[in-house]
Each structure stands twice: as C-alpha cells, then as structure tokens.
Amino acid sequence: MGNEQKGRKREGESEDQDQQEQKRIINLFLGTVQRHFGKWKAIFEGVSDERDVWKIHYPLEAILFTGVLLFVCQLGARRQINHKLRGNRAAEKKYQALFGVEDIPHGDTLDYCYQHLKVEEVQEVICRMMEKLMVQEELDKQRLFGVYFLIAMDGTGVLTYHERHCEYCLTRKLNNGTTCYYHPVLEAKLVTSNGYALSLMSEFIENRDPQADKQDCELKAFYRLADRLKQRFPRADFCILLDGLFAGGPTLAYCERHNWKYMITLTDKDLPTVNQEFEALLSLPPETHLEIPLKKGVNQTYRWINSLDYSDSEDKSHLLNVLECVETTEDRYGHLSSTKFKWLTNFTLLSRNVSILANQAGRLRWKIENEGFNFQKHGGFALEHVFSHHETAQKIFYLLLQLAILIFQLMTKCSFFRQVFPKGLGSLKNVAYRLLEAWRNLRLDDQGFLALTLIPVDSS
C-alpha cells in the first residue's frame, strides 16, 4: 500500500473516531435528559404559551431548549446563538428532528418570548425535575443517615449596574461615593458529598414593597423561600444547611415549624450567650468529648452540648444543641495548623453521630459556594452576564441556567461519561466545547440523530 493510500486510511480512521466521539457526547447530553426526565416537550409542559397562535414559528419547547443549550454549551451570550448555531446546517437539522422546525431561534426571539412567560411556571419545571431525581438512585443514596436531603441555602449577586436598572433594584453605597444597583438571589440547592449542587428553588431578592422602610435582604428572602419550599415539598425530609447570618430565633422557628432538621454555622461572635454557656458546660460531662484520627496527619476533636436554653430577640425560647469540631493537620515538615467549625443543630448529638453530622452535613454547606455559585460564575456559565434587560426575561434566563447546570452535572458524573472518556477531557469546559462542536459538525439523518436521544445513559 502506497504512502498516499495509508495517509487516506489514517485520515478516514480519524474521521470515524471523531464522528463516534461526537455521537457519544450528544448521546451523553440528550440521553441523560431522556433517561431522567423524558422528552423536552414533557419537561416544559405546564409553561403557558400566550403568543398569538397565528404568528408562532417555533414551538415553545424549542425556544426554551435553546436557552438550555445556550448554557450547556457555554456560549456566554445570547448573540452567540446567532454566530455559532443559526445558519449552521448540521445544527439546524438537529432542530428539525427534535422540534420539526427548519432553523434555530434568534437570540432576540428568546428574549422576546421569555418576557411573556411566567417565572413561577418555569420554576415549577425545575421543581418537577428535581422531584423525579430525588426518588432515583443518584440522589436517594446520598441522603444523610439514609433519610435527609441536604439543602444548602445562601445568596449571591447576579446582576450589577452603575445606573438604576429598574424600580426593584437593591442599592449599595460604595467607598468612592457612587451607588451600585444590583439584583441578588437566594438559592436552595440540594448538595451531596459526591459533588452535586442542584438548584431546588430560587428566591429573587428585590425591593417589591413600596411601603417597606428597609431594603429586601437574604433574611426576608429566606422566610419567603422556606414557606415556598415547604408548600412545594410538604413531605420531604430536609436538613437545612445555613451560614452564620441565619443563626437567630426567626430562622430556628421556621425550621421547627416546618419540621426540618438544620445545621447552622455558629461563629464565636454569634449568639454570645449560647457560646458562653457552651464553654461553661463543657467542663462538666467528659462523655461529650471525642477525638478521631480522620486520616494520616489529620485529627478531629469534637465537643458538644445538647439542650442549651436560648431566648431570641422576641423573648421566645429555644432548645439548641451545639457541636464543635477542631481539625488539626500536620504538614510534611511537622507543622500543625487547626481549623475550628461550630454549628447549631436540632439533631441530638451523640458520640456515634457527631463525625457524620460534621463531615457529611455541616461542612457540605460550602458546596453551594464552590460547586454552586463559583462554578456558575467562573466555570464558563456566565452567571453574572446580562442576558436580558427585561425584568421577567432575565429571571427566565437565570432559571434555565439552573436547569442547564442540573443536566450538566448529571452528564459529567455518570458512569457513561467515564466509559466514553476514560481519560477525562482535561476540564469541564472541554465538555461544553466538545458538545458545541458536535452539535455544529455531526451530520446524521433524522432517524440516526433521534436514536441518540433514545439510548438510555447508564448512570451511577
């Protein structure tokens, strides 16, 4: 065989390998969705379409799907739909197979359509997806003590402006004397020890009450979110993970009223009377001390007290349990460093459960920051980008981002991903890049493409 023929053979083998990889990554995306949640039309069922029926060019599920694809492929901006997807025949053929349309919605079409949707209906899409996921093995086996889903609640900034964006903006004076206008959100995310941080429900923080003498804030948003969460998931067993901002009577009362367990970070500056009583009582019972060698060079020392009396600012009484964990680490030079963690909780503290509560519950709260907000801000998902200036549309984009993160985490944590890419892809950003390139370049007939949506992905 001549060199030219060998070269053509190697080139053909390379093309076949590339095509197989493109099929697999599209299967990873669409198969994951199909396996867990069904078809796209069913996923978005319940979102009202109030457009003029005679002017509809794209079905609503196609427009909502495009918003999800925008985030899963990490396009970064609405206009990139026009630059990287519209006009690409391979991409348009996939839309034809999925939704029966000849082309892909323009970025401005998304913005216009989303302005006329109901935020609560799109939120319900996410709640239904999470409800299905919570009874499946992926999340069910991650329950604390086999019972409680861990729900971390925290707020983050989403949009920031130098000028007032709308009448509902929150405001903050900066050191240079200028005013910052911003829109934060409070998230309830289901977190797990194996790295999931999935949005269960979102509460937008904004100045809606014209009679209020103070701005909206995370604490006010927590009360609204807690009530919504209890109403939507009335029988779910939740353990709520909160930071020290929420260490106070009203938060405790809400958790008690909703029959939720909680782990709330307690710093030495929070609730001085509780901290003082904790230190005073610890000198009495030796059975409330425990030391555990966690791994080589790492030791944890636990101290705890049950049933501390606490009267809040409204003179309401609460019985609190306090758990402290001091982790000491020895580096290779023999230097010791210690980190202290402390929580309020309504779990009864015992020597057999304090390590589990600390390591598999309390310390997982940081996942809402790392796997949650930081991942969305700096991992390519452009959480802080202004996808729309319209009040309703920007919320729809935010919720579709949360939906896309849900799908993306399921994609990258399943066993099928490890089978297809046993050596990994270097970074999660490469998953988005490969998916985009496959969406743009893989050419299949309708039957061949739809087969990729029907093959179930084996997850673990």
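For reference, positions follow the sequence shown, starting with 1. Remember, it's a predicted structure, so these values are computed and weren't measured experimentally.
Scanning for ring pair (Phe, Tyr, Trp, His ring centres under 6.0 Å) contacts around His390 gives an empty result, with sequence neighbours left out. The side chain to side chain donor-acceptor pair (under 3.5 Å) test applied to Lys377 returns Thr156, not counting sequence neighbours. Qualifying side chain to side chain donor-acceptor pair (under 3.5 Å) partners for Ser338, counting only residues two or more places apart in sequence or in other chains: Thr328. Residues satisfying the ring pair (Phe, Tyr, Trp, His ring centres under 6.0 Å) criterion with Phe145, sequence neighbours excluded, are Phe347. Every residue two or more places apart in sequence or in another chain was checked for a ring pair (Phe, Tyr, Trp, His ring centres under 6.0 Å) with Trp366, and none qualifies. Legend: residues meeting salt bridge (Lys or Arg N to Asp or Glu O under 4.0 Å) with Glu314, ordered by chain and number and at least two apart, are Lys316. Residues passing the salt bridge (Lys or Arg N to Asp or Glu O under 4.0 Å) test with Arg24: none are found, sequence neighbours excluded. Residues meeting the salt bridge (Lys or Arg N to Asp or Glu O under 4.0 Å) test with Glu187, sequence neighbours left out: Lys189. Applying the salt bridge (Lys or Arg N to Asp or Glu O under 4.0 Å) test to Lys220 and every residue at least two apart in sequence or in another chain returns nothing. Under the rule for a side chain to side chain donor-acceptor pair (under 3.5 Å), Tyr114 has no partner lying at least two apart in sequence or in another chain.
Annotation: Phe71 is in aromatic contact with Phe387 [ring centroid separation under 6.0 Å]. Aromatic rings from Phe99 and Phe65 are positioned such that their centres are separated by under 6.0 Å. Between Phe204 and Tyr398, a ring centre-to-centre spacing shorter than 6.0 Å is recorded. Checked against a 6.0 Å centroid threshold, the rings of His385 and Phe381 do not count as neighbours.
Looking at heavy atoms from C-beta onward, Gln80 lies out of side-chain contact with Leu70 at the 4.5 angstrom threshold.
Judged purely by distance below 3.5 Å, without hydrogens or angles, the side chains of Glu121 and Ser48 pair a donor atom with an acceptor atom. A donor atom on one side chain and an acceptor atom on the other are found under 3.5 Å apart for Gln136 and His36. Side-chain contact of Asp216 with Tyr168: a donor-acceptor pair under 3.5 Å is absent, judged by distance alone.
Within 6.0 Å of NZ in Lys39 there are 12 or fewer heavy atoms belonging to other residues, nucleotides or ligands. Within 6.0 Å of atom OH in Tyr112, 12 or fewer heavy atoms from other residues, nucleotides or ligands are found, so the atom counts as exposed in its surroundings.
Contacts classified as side chain to side chain donor-acceptor pair (under 3.5 Å) and involving residues 83-100 (residues at least two apart or in different chains) are given here: Thr66-Tyr95.
Arg78 has a carboxylate O that lies under 4.0 Å from a charged side-chain N of Asp111, or vice versa, which qualifies the two as a salt bridge. Glu50 has a carboxylate O that lies under 4.0 Å from a charged side-chain N of Lys118, or vice versa, which qualifies the two as a salt bridge. In summary, Asp270 and Lys342 do not engage in a salt bridge, as defined by a charged side-chain N under 4.0 Å from a carboxylate O. Between Lys395 and Glu206, at least one side-chain nitrogen of the basic residue sits less than 4.0 Å from a carboxylate oxygen of the acidic one, meeting the salt-bridge criterion. Salt-bridge annotation for Asp268 and Lys340: present, with a side-chain N of the basic residue lying under 4.0 Å from a carboxylate O of the acidic one.
Of all the heavy atoms in Gly38 and Ile43, the pair that sits closest is O-CD1, 3.9 Å. The shortest heavy-atom contact between Leu364 and Val191 is O-CG2, 4.0 Å.
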Does the side chain to side chain contact (heavy atoms under 4.5 Å, CB included) test come out yes or no for Met130 and Leu198, once each step is laid out? CA-CA 8 Å; Met130 288 297 296; Leu198 306 174; 3.8 Å; yes
Evaluate the criterion side-chain hydrogen bond (donor to acceptor under 3.5 Å, both in side chains) for residue pair Gln376 and Gln402; output intermediate values, then yes/no. CA-CA 9 Å; Gln376 294 178 29; Gln402 304 312 311; 2.9 Å; yes
Please list every donor-acceptor pair under 3.5 Å in which a side-chain atom of residues 236-260 meets a protein atom from a residue at least two apart or in another chain.
residue: Asp243; atom: OD1; partner: Leu245; partner atom: N; Å: 3.0
residue: Thr251; atom: OG1; partner: Phe246; partner atom: O; Å: 3.2
residue: His258; atom: NE2; partner: Asp227; partner atom: OD1; Å: 3.1

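For the pair Lys413 and Tyr196, the cation-pi test (distance below 6.0 Å, angle within 45°) is passed.
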